[in-house]
Amino acid sequence: MPMPELPEVETIVNGLRGPLIGRTFTGVCVGWENIVARPTVLEFQRRIRGQQILGIRRRGKYLIFDLSGGDSLFIHLKMTGQLTIRPGDAPPDKYGHTVFDLDDGRQLRFLDMRKFGRIYLVADENEVAGSLGPEPLADDFTLSQFAALIGKRKGALKPLLLNQQFIAGIGNIYADEALFVAGIHPQRKANTLTGEEIAWLYQAIRQVLHQALADEGTTFDGAYRKADGGEGGHQENLRVFRRKGQPCPRCGSAIERIVVGGRGTHFCPHCQK
DNA sequence: CTAAAATCCTGGTGGC
DNA sequence: TGCCACCAGGATTTTA
């Protein structure tokens, strides 16, 4: 299953800016009420109407639409969410649970087979984004900051990298990939890393995310799609994720899959200590 | 405080 | 072939 993570969300945001910035929402149809986390569906529909899209950005795995009325529209795609722009008279999509009408006659459609995705409309963006950890690709995310954060943690590294309050935007794919590149076992306790290992991990996180961004994300089973419907290319460059039993790209040992913190975790038993 | 487990969903998988 | 129990997976909530 595809879980849009930082590189995928960033790629989608880049593709939505052209067609959407300057457009105004003229209405929204909600086919599955649980998708709208905040406010109530009725208030959501009332408040979004007439607001113009001034900008679109990413924070962690959230897409954020900055609206003219001062509200921020947050969309989290979770597992299977997709965004697509279609003509208003195009046939309905099978999983199109939320459809935004635009002032140019087109629609922004939020498709989500598993219905895990969530939408928030808030006046204060900290209501949703306030507890997120640092952005791993930001200039001000430094090795010394990362080292200070990781030294305080006692738990296993894999769940820590997935913790959005610790660091924002990393999901199952890039956690496994970064730990492999760093040569560190996913079950290592964070506070047992040497200074050298912390530096390797810091570099690995940034390198893996940059490479995936250059590849426009990872598409599995067609579930993550770019704004134009195209697929990413990073699935061709994965080192361990979803490669159980296949040879490690570094040493040739069989990649193993275990469960850590309730999540499927892929690693090389020879290269990762 | 941390950690584990339940929760939400449904297409895909594997067993019989 | 058909039926069905079970699984994955992010983030939140609950429980220990």
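So you know, we letter chains A, B, ... as the sequences are listed, proteins then strands, and number each from 1.
From one end of the helix from B/dT2-C/dA16 to B/dC16-C/dG2 to the other, with five pairs defining each end axis, the axis direction shifts by 60° (rounded to 10°).
Mapping A/K189 and A/R118 onto DNA chain B by nearest heavy atom places A/K189 at the nucleotide closer to the 5' end.
Phosphate proximity of B/dT7 to A/R114: absent, as no side-chain N or O sits under 4.0 Å from OP1 or OP2. Look at A/Y95 and you won't find any side-chain N or O under 4.0 angstrom from OP1 or OP2 of B/dC9. Taking 4.0 angstrom as the limit, A/K115 places none of its side-chain polar atoms (N or O) nearer than this to OP1 or OP2 of B/dC8.
In this structure, A/Q187 atom CD and B/dA4 atom P are separated by 10 Å, rounded to whole Å. For the pair A/N163 CG and B/dA3 P, the computed distance is 10 Å after rounding to whole Å. Going from atom CD of A/Q82 over to atom P of B/dG11 covers 14 Å, rounded to whole Å. One can place CD1 of A/I35 at 9 Å from P of B/dC9, the figure rounded to the nearest angstrom. In this structure, the NE2 atom of A/H97 is 17 Å from the P atom of B/dC8, given to the nearest Å. Rounded to whole angstrom, the span from the NZ atom of A/K244 across to the P atom of C/dA8 amounts to 10 Å. Taking atom CG of residue A/L77 and atom P of nucleotide C/dG9, one finds them 17 Å apart after rounding to whole Å. Residue A/E33 contributes atom CD, which lies 12 Å from atom P of B/dC9 at whole-angstrom precision.
The salt bridge (charged side-chain N to carboxylate O under 4.0 Å, His left out) check on A/D124 picks up nothing, with sequence neighbours excluded.
A/E127 has a carboxylate O that lies under 4.0 Å from a charged side-chain N of A/R38, or vice versa, which qualifies the two as a salt bridge.
Counting only N and O atoms by type, the side chains of A/Q235 and A/Y224 include no donor and acceptor under 3.5 Å apart. With hydrogens and angles left out, the side-chain atoms of A/D176 and A/H266 include a donor and acceptor closer than 3.5 Å.
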One character per nucleotide, please: for nucleotides 10-16 of chain C, 5' to 3', B when the base has a protein heavy atom closer than 4.0 Å, S when only the sugar-phosphate does, - otherwise. BBS----
Start with the C-alpha distance between A/E256 and A/K244, add both sets of side-chain angles, then the distance that settles salt bridge (Lys or Arg N to Asp or Glu O under 4.0 Å), and finish with yes or no. CA-CA 5 Å; A/E256 290 185 8; A/K244 178 186 174 184; over 6 Å; no
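Backbone-only contact: A/N34 has heavy atoms under 4.0 Å from sugar-phosphate atoms and none from a base. In this structure, A/G261 reaches neither bases nor backbone, as no heavy-atom distance under 4.0 Å exists between it and the strands shown.
Contact detail for A/R243 and A/I255: the closest heavy-atom pair is O-CB, 3.3 Å.
Taking a 6.0 Å sphere around CD of A/E43, one finds it holds more than 12 heavy atoms contributed by other residues, nucleotides or ligands. Atom NZ of A/K273 has more than 12 neighbouring heavy atoms from other residues, nucleotides or ligands inside a 6.0 Å radius.
Both tests pass for A/R250 against the ring of A/F180: distance under 6.0 Å to the centre and angle within 45° of the axis.
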